[in-house]
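Okay, so here's the structure we're looking at.
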Number of protein chains: 2
Amino acid sequence: MSNRRTPSARERVSLRAVAELADVSVATVSRVMSHSSHPVAEETRKRVLEAAERLGFQPNQLARALVTARSQTVGVIVHDISDPYFGELVKGLEDEIRADGYRLFVASSDRNPERELEYLRAFDAYQVDALVFAASALEDADYRREVETLVGRFESRGGITLVLSDHFAAGHRVQFDNRAATAAMVDYLVDRGHRRIGFILGPPDLTVSNHRHEGFRRALERRKLSYDPALVAEGSFSIEGGKRAAMQIVSAGEPTAIFASNDLMAIGAIRALLDNGYRVPEDVSVAGFDDMLLAEYAPVPLTTVRVPTYDIGREGAILLRRILAGEDVEDVRLVGEIVERRSVVAPPA
Amino acid sequence: MSNRRTPSARERVSLRAVAELADVSVATVSRVMSHSSHPVAEETRKRVLEAAERLGFQPNQLARALVTARSQTVGVIVHDISDPYFGELVKGLEDEIRADGYRLFVASSDRNPERELEYLRAFDAYQVDALVFAASALEDADYRREVETLVGRFESRGGITLVLSDHFAAGHRVQFDNRAATAAMVDYLVDRGHRRIGFILGPPDLTVSNHRHEGFRRALERRKLSYDPALVAEGSFSIEGGKRAAMQIVSAGEPTAIFASNDLMAIGAIRALLDNGYRVPEDVSVAGFDDMLLAEYAPVPLTTVRVPTYDIGREGAILLRRILAGEDVEDVRLVGEIVERRSVVAPPA
DNA sequence: CTGAAAGCGCTTACAG
DNA sequence: CTGAAAGCGCTTACAG
C-alpha cells in the first residue's frame with residue numbers, strides 16, 4: 001500500500017492521457033488541441049476540451065516543433081542586454097511578435113566573437129525559426145567566416161535571418177544609416193559655429209563604431225574642416241570610457257564641442273567636464289548619439305541623434321511576421337533626427 | 001538534368017546522415033556527439049567526428065530534449081526588459097548560467113496578469129528546466145490562483161522554480177528585504193534632520209511597491225513621525241510619474257525631502273523640481289532606490305539605496321546550477337546599502 | 001468525422 | 001565496443 005507511487009513521480013500529461021479520458025484517438029485530440037482545419041464533430045471536440053482541462057494538459061511544444069519543423073521561437077543576439085539600447089530594441093521586437101505566438105531567446109555576446117558564435121550555434125540547435133542580429137558585427141576575420149557558413153546552413157534549412165544592425169550577414173534588414181546620421185550631427189555643430197570638434201569613438205572592433213567614425217570624417221571633409229587626431233579618442237561605448245576620452249581630448253586638443261558616438265559616453269563626458277571645472281555647454285558643448293530614455297536626464301539634458309531603437313525592433317518584428325506568412329518583403333529604412341536639448345550652444349567667443 | 005533538386009531543398013543533417021557517412025550506427029554517433037560515458041573506440045570516434053564536421057552536423061536540441069526530458073533552457077519573467085533594472089538582473093543570470101549550457105527565454109509581462117500567465121504557459125509548453133520570477137508578483141486574485149496551479153504542475157513535472165523578486169510563488173529564492181532597505185533610507189533621512197519626508201509610491205498592484213510602502217510607514221512609526229497622506233503620491237515607477245508625484249507632494253505638503261521608491265522616479269522628481277525653480281538638494285533633498293547604473297549621472301548625482309541587481313541574477317544562477325546538480329541548497333539573502341552622493345543634505349534651516 | 005500508423009531526430013536500456 | 005529497437009510526444013497523410 002505504501003510506496004506504490006512516490007509523491008514526486010513525474011507526471012507528464014500527454015495527448016495520450018487526454019485521448020484515453022475522452023475516449024478518442026490521439027489523432028483526434030491533436031486535431032482539436034492544435035486547432036487543425038481537419039473537421040472534428042462538435043460533440044467530440046467538447047469532450048476532448050473537457051478532458052484536457054481536467055488534466056491540465058499543455059501540449060509539448062518541443063514535440064510539436066520536431067514534427068512541424070517550426071519551433072515558433074526566434075533567437076536574438078545583442079551585445080549586452082543590460083545596455084538600454086538593446087533593452088529597448090528587444091522590447092520593440094517582443095511587443096510586436098508576441099501576439100503571433102513567437103517566443104524569444106536572447107543572448108549577450110559581450111562583443112566576444114567566440115561567445116557570439118557559441119550562441120549562434122545554440123540557436124541553430126534549438127531550431128529557431130529566425131536569427132536576429134540586433135548587435136553590430138565584430139571586425140574579426142574568423143568570426144566573419146564562421147558567421148557566414150553558419151547563416152548559410154541555417155538558411156538552407158529554411159531559417160530566416162533578420163539584420164537590425166550594421167552587420168554583414170545576408171538577410172532581410174531594417175536599416176539605419178549610421179554614417180549619414182553622424183554626418184548630420186557634425187553639420188549641426190558646424191552650422192552653430194564649431195570648428196574644433198572632438199569625437200569619441202566606440203570600440204574599434206565594432207562595425208558600427210567604424211561607420212560612425214566614417215560619417216564623422218566625411219562630414220568634416222565636406223565642410224572643409226581638417227581631421228585632427230588629437231581631437232579623437234576611444235571611449236568603448238561606456239560611461240567611464242566617455243569620461244576618460246573627454247578629458248584626453250580637452251587636454252590635448254582645445255575643442256569647442258565634443259561629439260560622443262553614443263549617449264553613454266556623452267553622459268560620461270559631461271560629468272567629467274563638469275567635475276573638472278568646465279561649464280557645459282558654455283565652455284564646451286557635448287553631443288551624443290542614440291537618444292536613450294535617460295538622455296534627457298543627463299547632468300545636462302543631452303542634445304543627441306535620435307536612433308529609433310524601439311521602432312527598429314518593432315519594424316523587424318513586422319518584417320518577420322510578413323516573411324513567415326510567405327509574403328514578399330522589402331528592407332525597411334529608418335532615419336535619425338537631431339533632438340535639441342541643452343548641451344550644445346555656439347562656441348565661446 | 002534540371003529540377004531534380006530545387007536549390008531551396010531543406011537539407012537537415014541528422015544523426016542518420018552522419019552515421020551513413022561514417023559507416024556506423026546512429027547509436028554510436030549519438031554517443032560520440034553527446035559525450036556519452038558509454039565507451040566508443042578511439043578510431044570510431046575519430047571517423048564520426050570527421051563525418052560530423054564534413055556535413056556541418058548540429059544535433060537537434062529539440063529531439064534531444066524530448067527524450068532526455070531536459071531542455072537546457074530557462075524561462076525568465078521580467079516586467080519590462082527595457083527597464084535597466086531587469087536588464088542588469090538578466091545579465092547577471094546569463095553571465096553565470098551560460099557556461100553550463102543553459103539558454104534563456106526572456107519575456108516582459110508589462111505588469112499585465114494575462115500576459116504574464118500566457119508567457120508562463122508558453123515556458124511550460126517549451127519544457128523549460130526552470131522558471132525564474134525576476135518580476136515582482138502582481139496583486140490580483142485570479143493571477144495568484146493561476147500562478148499557483150501552473151507552478152504546482154510545473155514542479156510536479158520536475159521543473160524547478162526560482163524567485164528573485166517579491167513574489168509569493170513557492171520555490172528557491174534570492175531574497176532582498178525591500179521593507180528593511182526602505183526603512184534604512186528613512187532612518188538616514190531622519191538622522192540628517194528631516195521630519196517632513198515625501199514618499200513616491202510604485203504601482204499599487206505590485207507587491208514590491210507595497211513592501212516598500214510598508215517599510216516607509218514602519219520606519220516613520222519607529223521614529224515617532226506621523227504618516228501624512230499629503231506627502232505620499234503614486235509615480236508608477238516611471239520618470240514621468242516621478243515628475244508628477246514630486247510636484248504634487250511639493251505643492252501640497254511642504255516636504256524637506258522626497259524619497260522616491262525607485263531611481264527612475266527620483267530622477268524625474270529632481271528634473272521637475274529643478275525646472276520649477278527648486279534647488280536640489282538645498283531646498284529639497286531627493287533620495288532614490290535601486291542605484292541603477294545611471295543614478296550617478298542624474299541631473300544631481302543621486303543618493304540612493306543600492307539593490308545588487310546584477311548579483312541577484314548571478315546568485316540566482318549559482319543556486320540554479322547547484323539545484324540542477326542535485327545539491328541541497330538554502331535560499332540566499334542579499335542586502336542593500338545606502339550610496340551617498342549629492343542629492344541629500346540636511347533640511348534648510 | 002475518426003483512427004491506425006509512420007515519422008520527426010534524438011537517447012538508452014538491452015543483447016551480443 | 002557496437003548496434004537494433006523502443007520510445008519521447010506530437011502531426012499528418014491515408015484509408016475508411
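What you are looking at is a predicted structure, and each value in this text was computed from that prediction instead of being measured. We name chains A, B, ... by the order of the sequence lines, and we start the count at 1 in each one.
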Quiz item: From the list D:dG3, D:dC10, C:dG9, which nucleotide is the closest neighbour of the side chain of A:Asn60?
Solution: D:dC10
Exercise. Return the nearest nucleotide to the side chain of A:Ser34; candidates are C:dC14, D:dT11, C:dA4.
Key: D:dT11
Scan [X] against the nucleic acid and name what it touches under 4.0 Å (heavy atoms): base, sugar-phosphate only, or nothing.
X: A:Ala41; value: sugar-phosphate
X: B:Ser30; value: base
X: A:Arg31; value: base
X: B:Ser36; value: nothing

Give a yes/no on whether any side-chain N or O of [X] is located under 4.0 angstrom from OP1 or OP2 of [N].
X: B:Thr28; N: D:dG3; answer: yes
X: B:Ser14; N: C:dG9; answer: no
X: B:Thr44; N: D:dT2; answer: yes

Practice problem: On DNA chain C, check which nucleotide each of B:Ala27 and B:Leu66 is closest to and give me the residue with the more 5' one. | Solution: B:Leu66
Quiz item: Of A:Val26 and A:Val67, whose closest DNA chain C nucleotide lies nearer the 5' terminus?
Solution: A:Val26
Self-check item: A:Arg144/A:Asp140 salt bridge by N-O under 4.0 Å criterion
Solution: no
Rounded to whole angstroms, how far apart are [atom1] on [X] and [atom2] on [N]?
X: A:Arg157; N: C:dG9; atom1: CZ; atom2: P; result: 10 Å
X: A:Arg64; N: C:dG9; atom1: CZ; atom2: P; result: 18 Å
X: B:Asp23; N: D:dT2; atom1: CG; atom2: C1'; result: 12 Å
X: A:Arg70; N: D:dT12; atom1: CZ; atom2: P; result: 12 Å
X: A:Tyr126; N: C:dG9; atom1: OH; atom2: P; result: 18 Å
X: B:Leu62; N: D:dC10; atom1: CG; atom2: C1'; result: 12 Å
X: B:Leu15; N: D:dA4; atom1: CG; atom2: C1'; result: 15 Å
X: B:Met33; N: C:dT12; atom1: CE; atom2: C1'; result: 18 Å

Measure from the side-chain N and O atoms of [X] to the backbone N and O of [Y], and report whether any donor-acceptor pair falls under 3.5 Å.
X: B:Arg314; Y: B:Leu93; value: no
X: A:Ser136; Y: A:Leu206; value: no
X: A:Ser36; Y: A:Arg31; value: no
X: A:Asp331; Y: A:Arg173; value: yes

Quiz item: With both distances under 3.5 Å as the test, what is the Watson-Crick or G-U wobble partner of C:dA13?
Solution: none
Quiz item: With distance as the sole criterion, do the side chain of B:His38 and the base of D:dT2 form a donor-acceptor contact below 3.5 Å?
Solution: yes
Self-check item: A:Glu94, A:Arg98, A:Gln72 screened by side chain to side chain contact (heavy atoms under 4.5 Å, CB included) with A:Arg103, the one that passes
Solution: A:Arg98
